[in-house]
Chemist: 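This structure is in C-alpha cells; I'll ask about it shortly.
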Amino acid sequence: MTSFPDITFPVVTTGGEAAWQHTSSEHWSRLASDWLLDPSSLTAKLKEQCQQFQVQLLGQREAPLLADEQAWLGPQKSCIVREVILWCDGQPWVFARSVFPFSALAQQQLRLEDLGTKPLGEHLFKQPDLTRSAVEVSSFDPHTKVGQLHQQLGFPSATLWGRRSRFTAAGQHVLVAEVFIGASPLAQEYVND
Ligand SMILES: C=C(O[C@@H]1C=C(C(=O)O)C=C[C@H]1O)C(=O)O
C-alpha cells in the first residue's frame with residue numbers, strides 16, 4: 001500500500017493557469033498523443049498499465065468554481081469539487097479535478113456522494129446514457145499549481161499536459177480535468193519541452 005504524501009486541498013485555487021484549447025488547433029499536431037485524446041476511461045487505461053492502481057482522494061467538498069468552469073456548468077453559485085491523484089505501482093501519474101453541481105451529487109443514479117477512493121470513471125462509464133463533450137487540452141507551466149504539485153511529488157520542473165471534458169449522465173454534468181504528472185509517460189515525454 002502506497003503511503004500518500006500530504007497534499008493540501010484544493011490544489012487548484014486560481015483561474016487563468018490553463019489555456020484550454022480544442023484539439024483542432026494547429027498546435028495540436030505537435031502534441032498528438034493518445035493519452036490526451038483517448039475517449040475511453042482513463043482509469044481503465046491506467047489499470048491496464050500497472051499492477052497496483054490507487055486513487056488518493058485529496059478532497060471532495062463544496063469549493064469555488066473557476067470562471068472557465070462556470071462556462072461548462074452554467075451559473076452555479078457553488079459546486080462540489082473533487083481532486084485526486086491517480087497512482088500506478090506507487091508512482092503518481094494523473095492529477096484530476098472534477099467539478100459538479102449539488103444536483104449531480106443528489107442524483108442517486110450517479111452515486112457521487114459515496115465515491116471516496118473509488119475511481120469516478122468506474123461510475124460514469126457505467127451510466128447507460130453517458131455522453132462526453134469534445135476534449136480540450138492545455139499545457140501547465142512549472143509555476144502553475146499543478147506544475148508545483150508535480151515538483152512537490154519529487155519530479156523535475158517540466159511543462160505538463162492535461163485534458164478536460166464534460167460528462168453528462170442522468171441529466172447531470174460532471175466536468176473532469178486530468179493532468180498527466182509525475183511518472184506518467186506524457187509528463188516524461190515532454191520533460192524537456
Ligand atoms: C473520468 C474518469 O475517472 C478518473 C478518476 C477520477 C476520480 O476518481 O476522481 C477523476 C478523473 C479520471 O481520471 C476516467 O476513468 O476516465
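Position 1 is the first residue of the sequence, and the numbers go up from there. Atom set for the values below is all heavy atoms of this structure, side chains included, hydrogens, waters and symmetry mates excluded. Counting convention: from 1, in listed order, for ligands and their atoms alike.
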Chemist: Which residue owns the protein heavy atom closest to atom 16 (O) of ligand 1, what's the atom, and how far is it?
Modeler: Leu42 N, 2.8 Å
Chemist: Could you list the atoms of ligand 1 found under 4.0 angstrom from a heavy atom of Arg82?
Modeler: 7 (C), 8 (O), 9 (O)
Chemist: Going by atom types only, do Ser98 and Arg82 share a side-chain donor-acceptor pair under 3.5 Å?
Modeler: no
Chemist: Leu153 vs Ile7, test: side-chain contact (heavy atoms from CB on, under 4.5 Å). Steps then yes/no.
Modeler: CA-CA 9 Å; Leu153 293 169; Ile7 305 290; 4.2 Å; yes
Chemist: Tell me yes or no: between the side chains of Glu136 and Gln21, is some donor less than 3.5 Å from an acceptor?
Modeler: no
Chemist: N/O to N/O below 3.5 Å, does that happen between Glu178 and ligand 1?
Modeler: yes
Chemist: Check this for me, if you would: do Arg164 and Glu178 make a salt bridge, where the nitrogen-to-carboxylate-oxygen distance has to be below 4.0 angstrom?
Modeler: no
Chemist: May I ask you to check if ligand 1 and Arg163 share an N or O to N or O distance below 3.5 Å?
Modeler: no
Chemist: Looking only at the aromatic ring of each residue, does the gap between the centers of Phe180 and Phe95 stay below 6.0 angstrom?
Modeler: no
Chemist: Are the charged groups of Glu83 and Arg61 less than 4.0 angstrom apart, N to O?
Modeler: no
Chemist: Give the atoms of ligand 1, by number and element, whose distance to some non-hydrogen atom of Ala96 is under 4.0 Å.
Modeler: 10 (C), 11 (C)
Chemist: Quick check on contacts: which atoms of ligand 1 are under 4.0 angstrom from a heavy atom of Pro119?
Modeler: 8 (O)
Chemist: Judging by distance only, is a nitrogen or oxygen of Thr43 under 3.5 angstrom from one on ligand 1?
Modeler: yes
Chemist: Give yes if a backbone or side-chain nitrogen or oxygen of Val84 is under 3.5 Å from a nitrogen or oxygen of ligand 1, and no if not.
Modeler: no
Chemist: When rounded to the nearest 0.5 angstrom, what is the spacing between CD1 in Ile181 and CZ in Phe140?
Modeler: 11.5 Å
Chemist: Within the 4.0 Å heavy-atom shell around Val176, which atoms of ligand 1 are there?
Modeler: 11 (C)
Chemist: Looking only at protein heavy atoms, identify the closest one to atom 6 (C) of ligand 1 and say how far it is in Å.
Modeler: Leu120 CB, 3.6 Å
Chemist: I want to know if ligand 1 touches Val55 in the polar sense, i.e. an N/O pair below 3.5 angstrom.
Modeler: no
Chemist: Under 4.0 Å, heavy atoms only, figure out whether ligand 1 is touched by the backbone of Leu86, its side chain, both or neither.
Modeler: side chain
Chemist: If you measure every N/O of Gly121 against every N/O of ligand 1, is any gap under 3.5 Å?
Modeler: yes
Chemist: Around atom CG of Asp129, are there more than 12 heavy atoms of other residues, nucleotides or ligands at under 6.0 Å?
Modeler: yes
Chemist: Are any of the N/O atoms on Ser40, whether in the backbone or the side chain, positioned under 3.5 angstrom from an N/O atom of ligand 1?
Modeler: no
Chemist: Determine, step by step, whether Trp93 and Phe53 satisfy the side-chain contact (heavy atoms from CB on, under 4.5 Å) criterion, reporting the C-alpha distance in whole Å, the side-chain angles of both residues, the deciding distance to 0.1 Å, and the verdict.
Modeler: CA-CA 10 Å; Trp93 276 41; Phe53 172 81; over 6 Å; no
